[in-house]
Amino acid sequence: MKHDIERMTLWNDKVGNLIEAIGINNFLHTLSDTIKFFIPDASVIVFSVPKNQQPQCLFDNYPESIRKINTSDWVSGAYLLDPFYIKCFDDSPQGAYHLLDLVPEGFLTSEYYQLYYSMTQCKDEVCFIAHIHKDLRISLSVARVQDDRGFSTQELMSLRSLSSIILNALNKHFIKHQIVGSKRQVKLHNQLQAGIKNFGTSILTLREQDMIQYILLGHSSKTISKQLDISFDTVKMHRKNAYAKLNISSQAELFSLGLESIPYIEIYPNKDPLQIFLSKTCDITSSAPC
């Protein structure tokens, strides 16, 4: 009983500190500290997500060894394939979203998951998406990194119970937040979106491009079949043909090609970034498939 009262007192102090921090510079650090009351090993990252612009990282407490891939690398283009980013402007309400609630069936066993999350070292993630106004979202992700454990049922319940506090605090703090962007950022975002859609267009048929777009978003052949209303065998055939043309044999290799092609989108807008990447690779090493 005494322990419960002491813990409640500590929690009340955390909430009091959070309320006091709204509107001042240490707000996000205080909010992260509040979350860690329930998840002591939580890695927290906060992004400003303006509509039709690149996101901006506002705060993170990630280990230095994996900070770059989870911040600047993500903002450079990988965000377009992130299910939490897609959720920001898909007409869903603000709320807390668990990774497993958003990804398609079979995602956890896909090579996309194995490759991408092996790089970020993220084992599990819950994202709080606050709707500040129609053109701005703030996403706060609570992740477990560099650990083999996902969130337990109790931890997920605790995080969901924090939704009201976290979302209201984010809305209060960022209500006057101005979208600080430039024409270049808007242009680059549009180029990145177009570049992802143009990926492989110089090599693949329209249906094969459809396959590749869905696979890059983590869909399995089964879910692609449902989305496009075609048979599972037809999906397998188009997938096999696309892989053969790209000279790859796995989803992991496809995702790797996608990430490696992203830097060429800004340099060569309106062109197939994969074609540019492969031509550059051919220039560097004569053994590369051209």
Side-chain angles (χ1 to χ4, degrees), residues 28 31-32 35 39 42-62 66-108 110 112-145 150-151 155-156 158-160 162-167 169-171 174 177 179 189 192-193 196 213-220 223 255 258-259 262:
L28 291 175
L31 180 54
S32 172
I35 293 168
I39 315 289
S43 290
V44 177
I45 191 165
V46 182
F47 288 98
S48 168
V49 187
K51 192 172 186 178
N52 298 325
Q53 286 191 36
Q54 285 178 290
Q56 294 179 316
C57 184
L58 304 177
F59 171 86
D60 81 276
N61 64 358
Y62 272 58
I66 56 173
R67 174 167 289 131
K68 182 175 179 290
I69 192 169
N70 284 287
T71 56
S72 58
D73 285 357
W74 187 83
V75 169
S76 295
Y79 69 91
L80 290 169
L81 304 177
D82 190 304
F84 292 127
Y85 174 79
I86 295 168
K87 199 70 178 172
C88 283
F89 290 103
D90 71 350
D91 297 325
S92 296
Q94 70 173 8
Y97 295 94
H98 186 208
L99 179 66
L100 298 188
D101 295 334
L102 302 187
V103 296
E105 182 181 352
F107 180 81
L108 288 182
S110 71
Y112 170 101
Y113 175 88
Q114 298 298 327
L115 176 69
Y116 183 67
Y117 279 83
S118 67
M119 292 190 294
T120 64
Q121 297 188 38
C122 175
K123 182 62 179 178
D124 205 354
E125 190 171 2
V126 171
C127 185
F128 297 85
I129 300 174
H131 293 191
I132 308 304
H133 53 70
K134 67 183 181 68
D135 292 327
L136 178 64
R137 307 289 186 255
I138 299 293
S139 74
L140 182 152
S141 284
V142 182
R144 173 159 285 144
V145 302
F151 291 128
E155 287 173 327
L156 287 173
S158 295
L159 286 170
R160 289 192 174 107
L162 291 173
S163 289
S164 179
I165 290 175
I166 291 174
L167 294 171
L170 288 171
N171 275 286
F174 287 103
H177 184 75
I179 299 176
H189 170 82
L192 287 168
Q193 282 195 316
I196 293 295
Q213 291 293 316
Y214 276 106
I215 293 167
L216 283 172
L217 293 174
H219 286 265
S220 66
T223 59
F255 188 63
L259 290 179
I262 283 175

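By the salt bridge (charged side-chain N to carboxylate O under 4.0 Å, His left out) test, Arg67 is found to be paired with Asp60, Glu64, residues two or more places apart in sequence or in another chain being considered. By the ring-ring contact (aromatic ring centres under 6.0 Å, His included) test, Phe128 is found to be paired with no residue, residues two or more places apart in sequence or in another chain being considered. Taking Cys88 as the reference, Val49, Ile129, Arg137 meet the side chain to side chain contact (heavy atoms under 4.5 Å, CB included) condition, with sequence neighbours excluded. Tyr85 is linked by a ring-ring contact (aromatic ring centres under 6.0 Å, His included) to Tyr79, counting only residues two or more places apart in sequence or in another chain. Remark: Asp90 engages Lys87 in a salt bridge (charged side-chain N to carboxylate O under 4.0 Å, His left out) (not counting sequence neighbours). Residues forming a side chain to side chain contact (heavy atoms under 4.5 Å, CB included) with Leu58 (at least two apart in sequence, or on another chain): Leu28, Val46, Ser48, Ile138, Phe174.
The backbone N or O of Lys51 lies less than 3.5 Å from no partner atom in the side chain of Asp135, so there is not a single donor-acceptor pair. Checking side-chain atoms of Gln121 against main-chain N and O of Val145 turns up no donor-acceptor pair under 3.5 Å. A donor-acceptor pair is defined here as one N or O able to donate and one able to accept, closer than 3.5 Å; no such pair exists between the side chain of Asp101 and the backbone of Tyr97.
When all heavy atoms are compared, the tightest approach of Ala42 to Ile35 is CB-CG2, 4.5 Å. Cys57 and Ile45 get closest at one heavy-atom pair: SG-CG1, 4.1 Å. Contact record, Ser76 with Gln54: CA-NE2, 4.3 Å, taken as the closest heavy-atom pair.
Ion pair Arg144/Asp124 not flagged as a salt bridge, since none of the NZ, NE, NH1 or NH2 atoms sits closer than 4.0 Å to an Asp/Glu carboxylate oxygen.
Side-chain contact between Phe151 and Ser158 is absent, with no heavy-atom pair separated by less than 4.5 Å.
Atoms NE2 and CZ, from His131 and Phe89 in turn, are 8.0 Å apart once rounded to the nearest 0.5 Å.
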